[in-house]
Amino acid sequence: MSNRICKHIQAIEELKQPKEHVCEECIKVGGRWVHLRTCQTCGVTLCCDSSPAQHASKHAYETGHAVVISAEPGERWLWCYADEQMVDY
Ligand SMILES: [Zn+2]
Ligand SMILES: [Zn+2]
Ligand SMILES: [Zn+2]
C-alpha cells in the first residue's frame, strides 16, 4: 500500500504553476527564501521549510490547503502536508 496516492493529490485535475518566482509573503516584508512552493488550492507561491519564514507550510496549516508543487525550475513533484506524501509528475 506504500504507493497509494492520497485523496488530496488524487483530487487535483490541473496543476497550478507559479505566476512569479517570488514568495508572495516574504516580498511584502523584504524577507528571503530558499525554495518556492505553489499551493494547488489557491495558486499562491510561498517559501519552503528551509526558508526562515516557512510561509508555505504555515499557509497549509492555517487554510487546510494540503497540496503544493515545487515551484523550482526542473522539479516536478507534488507534496501533501496532510499526509506527508510526495508524488512525482
Ligand atoms: Zn493528502
Ligand atoms: Zn516566504
Ligand atoms: Zn492555498
Side-chain angles (χ1 to χ4, degrees):
M1 300 294 272
S2 61
N3 60 355
R4 219 172 116 237
I5 294 175
C6 78
K7 64 179 192 282
H8 308 101
I9 291 176
Q10 279 182 12
I12 292 171
E13 290 173 1
E14 199 174 336
L15 292 176
K16 292 179 171 64
Q17 298 293 341
K19 295 183 283 280
E20 288 185 88
H21 281 270
V22 298
C23 172
E24 294 183 26
E25 292 299 323
C26 282
I27 208 165
K28 291 177 190 167
V29 294
R32 299 177 64 182
W33 57 85
V34 179
H35 296 122
L36 296 169
R37 309 289 180 242
T38 299
C39 176
Q40 294 303 293
T41 306
C42 67
V44 67
T45 296
L46 297 166
C47 56
C48 71
D49 283 352
S50 302
S51 308
Q54 304 184 342
H55 282 126
S57 58
K58 279 184 192 151
H59 176 76
Y61 292 119
E62 285 169 5
T63 61
H65 296 173
V67 182
V68 295
I69 61 166
S70 174
E72 297 300 313
E75 292 189 1
R76 297 172 62 85
W77 48 262
L78 304 103
W79 171 257
C80 177
Y81 285 101
D83 296 289
E84 300 191 330
Q85 183 174 54
M86 179 180 273
V87 176
D88 293 319
Y89 67 86

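Counting convention: from 1, in listed order, for ligands and their atoms alike. Computed over heavy atoms, backbone and side chain alike; hydrogens, waters and symmetry mates excluded.
- Not one N or O on the side chain of Glu25 forms a donor-acceptor pair closer than 3.5 Å with the backbone of Leu46.
- The backbone N or O of Trp79 lies less than 3.5 Å from no partner atom in the side chain of Glu84, so there is not a single donor-acceptor pair.
- In terms of distance to the Zn ion (ligand 2), the nearest N, O or S atom of His55 is named ND1.
- Around the Zn ion (ligand 1), the protein N, O or S atoms closer than 2.8 Å are Cys6 SG, His8 ND1, Cys80 SG, Asp83 OD2, listed by chain and residue number.
- Considering the Zn ion (ligand 2) as centre, the angle to SG of Cys23 and to SG of Cys26 is 110° (10° rounding).
- Judged purely by atom type and a 3.5 angstrom limit, Gln40 has no side-chain atom pairing as donor or acceptor with the backbone of Ile12.
- Side-chain contact check for Ile69 versus Trp77: every heavy-atom pair is 4.5 Å or farther apart.
- For the Zn ion (ligand 3), the set of protein N/O/S atoms nearer than 2.8 Å consists of Cys39 SG, Cys42 SG, His59 NE2, His65 ND1, ordered by chain and number.
- Side-chain atoms of His21 and Pro73, non-hydrogen and from C-beta on, do get closer than 4.5 Å to each other.
- No donor-acceptor pair under 3.5 Å is formed between the side chain of Ser50 and the backbone N or O of Val34.
- Side-chain atoms of Thr63 come within 3.5 Å of backbone atoms of His59 as a donor-acceptor pair (strictly under, hydrogens ignored).
- Looking only at side-chain heavy atoms (C-beta outward), Thr45 and Glu20 stay at 4.5 Å or farther from each other.
- In this structure, the side chain of Lys58 engages the main chain of Ala53 through a donor-acceptor pair within 3.5 Å.
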